[in-house]
Amino acid sequence: MSDNSERIIRKIGIIGGTGKEGKGLAYRWARAGYSISIGSRQAEKAQAAAAEILQLLGGEAAVEGMTNPEVAASCDVLVLTVPFSAHVDTLNQLREPLRGKILIDVTVPLVPPRVTKVQMPPAGSAAQEAQQILGPEVEVLAAFQNISYEHLLQDEPVDCDVLVCGGSKNGRSIVLKLVQAAGLTGWDAGPIENAVVVEGMTSILIGINKRHGVASAGIKITGVPR
Ligand SMILES: NC(=O)c1ccc[n+]([C@@H]2O[C@H](COP(=O)([O-])OP(=O)(O)OC[C@H]3O[C@@H](n4cnc5c(N)ncnc54)[C@H](OP(=O)(O)O)[C@@H]3O)[C@@H](O)[C@H]2O)c1
């Protein structure tokens with residue numbers, strides 16, 4: 001695993017960034033001044049998503065759209081926001097360009113139709129599956145699984161915390177800075193083995209959404225001074 005302690009992040013690539021969660025994160029980070037590359041299987045779709053975010057920000061941002069392999073090759077920090085059904089294939093296709101980089105995996109291993117039931121893959125979690133596929137040359141971290149996109153594509157403060165696990169301590173501190181830049185509170189949640197809890201929590205939150213007729217239940221850490 002590479003030493004990322006001195007890395008200064010200016011540009012973030014989002015694989016599958018044309019979807020709901022990816023666009024929400026892109027909006028938040030572009031608003032905070034980061035350069036964003038949105039990735040898609042189709043360059044035109046990525047360019048349209050980039051134009052949409054630029055318009056939301058009144059043209060005052062650095063957002064571009066390109067194919068997923070181009071994004072993986074041109075950014076040092078990548079975020080993966082694809083449905084779990086596309087997780088393995090997408091990672092297998094991007095193994096080479098992701099070498100030596102940080103990957104923030106936002107994927108939740110939901111298995112429709114029973115999305116309110118926790119169903120982890122054999123690797124233990126989606127993040128561990130990513131680490132297995134990509135090998136030790138990629139630093140895989142898990143974050144944002146409990147943040148509904150509905151929170152991200154607006155400017156109000158978000159009353160929901162982000163648990164960050166996986167990678168090295170330095171990697172987690174880089175991701176925690178990105179969490180803060182997105183306007184959220186993040187917590188170092190330890191090693192990648194803990195991703196099972198964070199990813200699994202999403203199914204519980206979706207169940208609470210359904211039972212209470214809301215769209216974006218979340219979690220908050222209490223008992224620690226902020
Ligand atoms: N939505 C939320 O509120 C939320 C919250 C937390 C975590 N998550 C997790 O974040 C991930 C993305 O969620 P989302 O709601 O943004 O999903 P989404 O809108 O359904 O899809 C995201 C993007 O993934 C790409 N994609 C779809 N099918 C694919 C396939 N078969 N192969 C490769 N790429 C494919 C598409 O991009 P192109 O067609 O442009 O390639 C799509 O725009 C999921 O794992 C989800 O569980 C979502």
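Start at 1 and go down the list; that is how both ligands and their atoms are numbered.
- For atom 28 (N) of ligand 1, the candidate residues are Lys20, Gln93, Glu150, Arg41; the nearest heavy-atom contact is made by Arg41.
- Under 4.0 angstrom from ligand 1, there are no non-hydrogen atoms of Thr202.
- Among Thr18, Leu153, Ile15, the residue whose heavy atom lies closest to atom 37 (O) of ligand 1 is Thr18.
- One N or O on the side chain of Asn146 and one on the backbone of Val198 form a donor-acceptor pair closer than 3.5 Å.
- Inclusion of Ala86 in the set of residues having an N or O under 3.5 Å from an N or O of ligand 1 is not warranted.
- Given atom 6 (C) of ligand 1, the protein heavy atom at minimum distance is Gln145 O, 3.2 Å.
- Side-chain N or O atoms of Asp161 include one that pairs as donor or acceptor with a backbone N or O of Ile221 at under 3.5 Å.
- At a cut-off of 3.5 Å, with distance as the only test, no side-chain donor of Thr67 or Gln42 sits close to an acceptor on the other residue.
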Does the pair Phe144 and Leu152 meet the rule for a side-chain contact (heavy atoms from CB on, under 4.5 Å), with working shown?
-> CA-CA 10 Å; Phe144 299 106; Leu152 297 171; 5.7 Å; no
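- On a distance-only criterion, Val108 and ligand 1 share at least one N/O pair closer than 3.5 Å.
- Of the options Asp155, Ile36, Val63, a side-chain contact (heavy atoms from CB on, under 4.5 Å) to Tyr27 is made by Asp155 and by none of the others.
- For the pair Gly19 and ligand 1, the shortest N or O to N or O distance falls below 3.5 Å.
- The single protein non-hydrogen atom nearest to atom 21 (O) of ligand 1 is Pro83 CD, 3.7 Å, given as residue, atom name and distance.
- Contact between Gln42 and ligand 1 is absent, with no heavy atom of the residue lying under 4.0 Å from the ligand.
- Donor-acceptor pairing under 3.5 Å is recorded for the side chains of Thr107 and Asp105.
- Side-chain atoms of Leu25 and Val79, non-hydrogen and from C-beta on, do get closer than 4.5 Å to each other.
- At least one N or O atom of Lys45, backbone or side chain, sits closer than 3.5 Å to an N or O atom of ligand 1.
- The shortest N/O to N/O separation between Asn68 and ligand 1 does not fall below 3.5 Å.
- Looking at ligand 1, you won't find any N or O of Thr107 less than 3.5 Å from one of its N or O atoms.
- Side-chain polar atoms of Ser216 and Glu150 form no donor-acceptor pair below 3.5 angstrom.
- In terms of protein heavy atoms, atom 13 (O) of ligand 1 is closest to Glu21 CB, 4.1 Å.
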